[in-house]
Amino acid sequence: MPTVFIRLTGCPLRCQYCDTAYAFSGGTLYDLETILKQVATYHTKYVTVTGGEPLAQKGCLRLLERLCELGYHVSLETSGALDIAAVDQRVSRVVDVKTPGSGEVERNRWENIPHLQVHDQLKFVICDRADYLWAKAILDQYDLWGRCELLFSPSYQQLPAGELADWILADQLPVRLQIQLHKYLWGDVEGR
Ligand code: SF4
């Protein structure tokens, strides 16, 4: 769906595959109303708040709330390292589970799991076969099958999407294969 992305600056993690390192610093300071006015110019009801790690900014929760109040379909992309409990219940939270291959597996905040709702998504970026097996084991361990939508995404230029698809098919996993569609449509361009 046509979606506006609001990218917030800053992230306390350093995943080895990160493709938004340009969002670690810099950016432009906007007040809330200016952001909302800008979003309205795109004439779509779908808004994704992302980063960096958007929850690292204290204004993020209020931004999400205001977007919901205005009737947008709001999603939040978050690293899974910060507390999601206070996020507005109307928001679809896309929560990463950092695999060993990311280099940030120790940052997973497992206390988030009880807060997941059916309209949220858990996302695993898979770097290799070991990550794939690890992800399956985590889904078993925390009994996450069917709890919310499960996304397996191949780490860009580290694992071919077709290979991951073959593994998913062989195991008949009830997960959605997610590729970074924007890179296939417009190329690997910073800021896309
Ligand atoms: S959590 Fe996301 S933005 Fe932060 S380092 Fe990892 S991939 Fe990059």
Side-chain angles (χ1 to χ4, degrees), residues 3-30 35 46-61 63-64 67 74-88 91-113 115-116 120-132 134-135 138-139 142 144 148-161 164 175-192:
T3 300
V4 179
F5 267 56
I6 303 174
R7 190 177 296 286
L8 302 190
T9 296
C11 182
L13 282 72
R14 291 295 179 267
C15 306
Q16 57 81 12
Y17 48 65
C18 184
D19 60 359
T20 51
Y22 60 86
F24 289 164
S25 60
T28 308
L29 197 61
Y30 294 106
I35 295 171
Y46 294 86
V47 180
T48 294
V49 176
T50 187
E53 166 50 78
L55 291 177
Q57 286 209 30
K58 66 178 189 316
C60 181
L61 294 178
L63 170 64
L64 293 166
L67 289 165
V74 185
S75 59
L76 168 75
E77 293 185 333
T78 177
S79 65
L82 279 75
D83 190 1
I84 64 167
V87 173
D88 192 295
V91 173
S92 298
R93 297 162 298 187
V94 185
V95 181
D96 285 357
V97 180
K98 295 299 179 190
T99 64
S102 73
E104 289 284 34
V105 69
E106 301 301 330
R107 306 297 291 269
N108 287 314
R109 190 178 192 283
W110 302 111
E111 297 90 331
N112 279 335
I113 286 177
H115 298 292
L116 290 171
D120 294 327
Q121 297 176 320
L122 266 188
K123 176 178 168 184
F124 296 78
V125 176
I126 309 281
C127 299
D128 52 26
R129 179 77 182 168
D131 269 5
Y132 174 80
W134 182 89
I138 290 293
L139 291 168
Y142 288 93
L144 290 164
C148 62
E149 188 163 48
L150 304 171
L151 307 174
F152 276 22
S153 182
S155 180
Y156 188 66
Q157 291 182 330
Q158 290 187 312
L159 175 62
L164 179 55
V175 303
R176 185 183 292 273
L177 174 72
Q178 184 193 49
I179 55 172
Q180 291 180 294
L181 188 59
H182 55 291
K183 289 182 178 165
Y184 291 86
L185 297 176
W186 296 297
D188 189 4
V189 179
E190 185 174 283
R192 285 272 192 190

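As the structure lists them, so they are numbered: ligands from 1, and atoms in each ligand from 1.
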**Student:** Go through the side-chain N and O atoms of Gln157 and Asp188 and say whether any donor and acceptor fall under 3.5 Å apart.
**Tutor:**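 Checked: Gln157/Asp188 side chains show no N/O donor-acceptor pair below 3.5 Å.
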**Student:** Can you report which non-hydrogen protein atom sits closest to atom 2 (Fe) of ligand 1, along with the distance?
**Tutor:**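 Ranking protein heavy atoms by distance from atom 2 (Fe) of ligand 1, first comes Lys98 NZ, 4.2 Å.
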**Student:** Could you list the residues that satisfy ring pair (Phe, Tyr, Trp, His ring centres under 6.0 Å) with Tyr30, not counting sequence neighbours?
**Tutor:**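 Tyr30 satisfies ring pair (Phe, Tyr, Trp, His ring centres under 6.0 Å) with no residue once adjacent residues are dropped.
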**Student:** When you look at Gln16 and Gln158, which way does the side chain to side chain donor-acceptor pair (under 3.5 Å) test go after all the steps?
**Tutor:** CA-CA 11 Å; Gln16 57 81 12; Gln158 290 187 312; 3.0 Å; yes
**Student:** What is the total of protein N/O/S atoms that are closer to atom 8 (Fe) of ligand 1 than 2.8 Å?
**Tutor:**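 My tally for this metal is 1.
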**Student:** Donor-acceptor check, side chain of Arg107 to backbone of Ser79, threshold 3.5 angstrom: yes or no?
**Tutor:**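 No, the answer is negative, given that no donor and acceptor are paired below the 3.5 Å cut-off.
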**Student:** Under the side chain to side chain donor-acceptor pair (under 3.5 Å) test, which residues partner Thr50, sequence neighbours left out?
**Tutor:**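 Here the qualifying residues are Glu77.
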**Student:** What pairs with Tyr156 under ring pair (Phe, Tyr, Trp, His ring centres under 6.0 Å), at least two apart in sequence or on another chain?
**Tutor:**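 Ring pair (Phe, Tyr, Trp, His ring centres under 6.0 Å) check on Tyr156 returns nothing, list empty.
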